[in-house]
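In what follows, every chain begins at residue 1, and chains take the letters A, B, ... in the order their sequences are listed.
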Amino acid sequence: MTLRLILTEIESNIKKIIAQHGFREVEFVVELAKPGFGDFTCNVAFLLAKQAGKKPYDIAQIVAEDYKKYLGNYLAKTEAHKSGYLNFHSNQKLNNLIIKASLDENFGFIDIGKKKSVIVEHTSVNPNKALHIGHIRNLVIGDIVVRILKKTNHDVKILNYVDDSGLQVADIIVGFKYGGFSEAPPNEKKFDHYCGDEVYVKTTEKYESDKQFAEYRHKVLQALEDPNSELAKFANIITRKVLAEQLKTCWKMGVYYDCLNFESQIIHSKLWDKIFEMLKKMSLVRFEKEGKNTNCWVIEAQGEEDKVLVRSNGVATYIAKDIPYAAWKLGIIDDPFYYKKYSTQPNGTMLWETTLEKNNNQKLKFSGQKVITVIDSRQTRLQKIITSLITKLKPEKDAYSHLSYESVTLSADTVKAIGHEIEGKQAQMSGRKGIYINADDVIESLEKRIFEEAKKRNTDLANDTLSKIAADVAVGTLRYEMIKQDLDKIITFDLKKSLSLEGDTCSYLQYSYARASRILEKAGSEPKFDSSFELLSTDYETNLLKMIAKFDICINDAANNLSPKVVARFCYDLAVSFNSFYEHVPVLDNDNKEIVNQRLCLVYCFKSTLERALDLLGIATPRRM
RNA sequence: GGGCUCGUUGCACAGCCAGGACAGUGCGGACGCUUGCGGAGCGUCAGGUCGAGGGUUCGAAUCCCUUCGGGCCCGCCA
């Protein structure tokens with residue numbers, strides 16, 4: 001039994017009462033009440049007012065009276081509020097219920113997915129540069145959505161798409177082959193940083209001044225399409241070196257994958273030809289004989305101009321590469337790939353990669369009934385076209401969905417700090433122009449800052465322990481900042497503000513966890529749970545209990561809306577409840593042993609619930625910090 | 001020009017999808033709290049035409065329409 005189920009029970013009882021009075025069904029809700037209005041509340045009286053021809057308050061009184069026969073289990077009384085609300089007050093048994101529920105190893109687990117297979121694709125950074133702060137938002141959102149889906153019984157596979165044959169890769173290959181850049185980075189600089197900060201930026205810069213140099217670009221791009229060309233082989237070596245460094249950053253962030261998909265292989269697999277035939281047969285594409293798209297194959301995009309899929313010279317466009325990939329993810333076309341081990345990840349799981357070379361490994365399956373692709377909102381237009389096309393190939397509702405989020409921009413101060421001019425309050429990042437903040441650098445400066453803070457407070461801890469704490473808090477801080485607001489809000493990243501560790505930040509959450517840990521450590525004995533918990537009676541205690549009980553309601557909401565923010569809000573509200581309790585209710589300093597024990601149990605339940613919730617966000621919980 | 005999206009206190013946000021009881025939180029500002037389990041904390045105060053106008057409703061920050069302002073996207077580039 002959980003709070004969520006009590007709400008469901010109240011709802012069904014009220015439905016019975018409504019039916020007995022002969023009222024039509026209305027869509028009322030039963031929810032947790034605001035402080036001061038009991039424990040649960042229902043708006044049914046407002047909705048019945050019209051058809052009953054009575055005031056909401058009068059109806060609430062009738063329902064409250066009728067509800068009396070259902071009281072007893074967890075509810076002590078119900079009353080009509082003069083506003084019209086129907087309010088419920090729980091009895092002391094609720095304390096016991098919440099504490100016992102939170103001890104269950106499956107606390108928070110809800111079977112929404114029924115083992116449905118879901119593919120989540122995220123990260124997908126061009127392998128020509130290091131991850132910047134904007135990419136971090138993508139992989140953190142993707143990773144947390146995966147965690148939420150797993151917690152709600154979905155069978156999730158995680159893909160990272162490697163666009164190893166696009167223009168951006170061609171640019172660094174031009175730099176290496178024709179721009180005089182050494183393959184070995186200076187001063188042992190991380191290879192992805194070197195490619196992005198030096199080779200890419202300076203090569204694209206040179207295009208502007210040297211038109212002839214710019215011609216190499218298309219020569220290289222063409223060569224990349226032929227897997228046997230020397231340039232393609234060279235590019236393969238370079239992009240894999242970059243990818244390996246990028247993955248180190250992802251892993252550092254606690255993000256892992258099941259399979260890497262290489263765009264070059266999708267091209268070589270000829271999947272496009274197959275899907276193109278399907279599209280032609282189904283008349284989803286049209287060959288233009290006149291107009292501005294003469295001799296092109298186009299697709300209709302509702303309310304917008306037609307999109308070219310195949311150019312008049314017969315070469316497929318960018319969007320045409322995404323269509324077979326989307327179809328492959330949903331298992332609409334036969335899988336042309338074999339799979340080989342890329343490496344074992346730091347969390348112990350195997351990372352696979354696609355290959356076109358036949359091997360004897362077991363045939364793996366990385367397609368699913370449902371596909372979620374995490375890409376920023378600038379791609380919405382193209383993703384809509386793909387979604388509508390895929391829906392015609394696989395009509396199940398929401399089989400393919402684009403999880404969109406707003407991009408991360410840089411504050412004016414930050415842009416100036418990295419040596420660029422700026423007009424206005426913020427600027428879009430640009431890899432080409434060198435306007436970005438690398439994720440590794442942010443993590444590093446956060447770690448330094450946190451290491452010092454932790455050292456001040458924990459003079460007894462060794463440096464490597466402090467380093468571990470610094471890493472946990474730094475990664476958590478970055479993750480939390482990336483998801484605590486809604487996906488459709490732009491995040492303006494500011495170097496200075498990003499180092500803040502006070503207020504609504506991850507360290508506030510982790511700090512409250514550390515506080516709880518210390519109390520349990522100092523208690524000297526384990527909390528005993530064979531209790532009724534009727535002594536937990538202050539508002540601080542009952543509020544904290546109610547927050548704990550909201551965990552599965554929160555997960556339900558987060559899963560249904562694919563919303564990491566919902567979990568972040570829950571963690572914050574939970575920590576606020578605890579910190580308020582902590583300041584006002586002494587746990588250990590009490591002569592009554594049973595009060596001490598019951599409060600210790602409460603602290604224990606808070607700690608384990610926060611740990612589970614933070615785990616959904618991929619945030620670690622150090623005992624000391 | 002067309003499409004999408006955001007607009008809530010000095011700043012950053014929650015609440016909006018599933019309309020209701022005093023519109024919450026953080027930062028910043030003013031002030032207070034440690035011979036108490038860690039002050040990365042707790043508490044008090046100041047600060048709001050929920051962009052504007054209309055509509056639906058007994059009731060709108062929330063739903064609908066119009067409008068203004070910011071952002072993004074609209075290539076036979078990727």
Look at all strands and tell whether [X] reaches a base, only sugar-phosphate, or nothing, counting heavy atoms closer than 4.0 Å.
X	result
A:Arg378	sugar-phosphate
A:Thr294	base
A:Asn87	base
A:Lys489	sugar-phosphate
A:Asn590	nothing
A:Lys50	sugar-phosphate
A:Arg569	sugar-phosphate
A:Leu588	base

Taking the same atom, [atom1], in [N] and in [M], what whole-Å distance lies between them?
N	M	atom1	value
B:U49	B:A61	C1'	12 Å
B:C13	B:U8	P	9 Å
B:A21	B:A60	C1'	15 Å

Measure the acute angle between the ring planes of [X] and [Y], then classify it against the limits of 30° and 60° as parallel, tilted or perpendicular.
X	Y	answer
A:Phe37	A:His81	perpendicular
A:Phe578	A:Phe606	parallel
A:Tyr216	A:Phe213	perpendicular
A:His132	A:His135	parallel

Between B:C42 and A:Ser580, counting only base atoms on the nucleotide and side-chain atoms on the residue, is there a donor-acceptor pair under 3.5 Å?
no

Notebook entry, point to check: Is A:Thr41 side chain donor-acceptor paired with the B:A21 base, going by distance under 3.5 Å alone?
Noted result: yes

[X] side chain: which of [options] is closest?
X	options	answer
A:Lys321	B:G20, B:C74, B:A78	B:A78
A:Gln428	B:G38, B:A18, B:C72	B:C72
A:Cys296	B:C37, B:A40, B:C76	B:C76

Pairing partner of B:G38, by Watson-Crick or G-U wobble and under 3.5 Å for both distances, is none

Answer for the Watson-Crick or wobble partner of B:A52, both distances under 3.5 Å, is B:U66

Would you say [X] places a side-chain N or O within less than 4.0 Å of OP1 or OP2 belonging to [N]?
X	N	result
A:Lys522	B:G38	yes
A:Lys54	B:C58	no
A:Arg515	B:G39	yes
A:Tyr511	B:A40	yes
A:Arg311	B:A78	yes
A:Tyr57	B:A21	no

- Query: Any side-chain donor-acceptor pair under 3.5 Å between A:Ser407 and A:Asp376?
  - Reply: no

If I take atom [atom1] in residue [X] and atom [atom2] in nucleotide [N], what distance separates them, rounded to the nearest angstrom?
X	N	atom1	atom2	answer
A:Asp486	B:C6	CG	P	8 Å
A:Glu79	B:A21	CD	P	17 Å
A:Glu453	B:G38	CD	P	18 Å
A:Lys34	B:A23	NZ	C1'	8 Å
A:Met625	B:G39	CE	P	13 Å
A:Arg217	B:C77	CZ	P	12 Å
A:Lys456	B:G39	NZ	P	15 Å
A:Ile375	B:C72	CD1	C1'	15 Å

Query - Stacking of A:Tyr508 on B:G41 base (centres under 5.5 Å, planes under 30°) - result: no

Worksheet entry | Axial cation check for A:Phe287 ring with A:Lys289, 6.0 Å and 45° limits | no

Per the O4'-C1'-N9-C4 / O4'-C1'-N1-C2 angle with a 90° window around 0, B:U34 comes out syn

*For A:Lys321, does the NZ atom have more than 12 heavy-atom neighbours from other residues, nucleotides or ligands under 6.0 Å away?*
yes

Between A:Tyr572 and A:Asp488, the residue closer to the 5' end of RNA chain B by nearest nucleotide is A:Asp488

The answer to which of A:Ala33 and A:His584 contacts RNA chain B further toward the 5' end, by nearest nucleotide, is A:Ala33

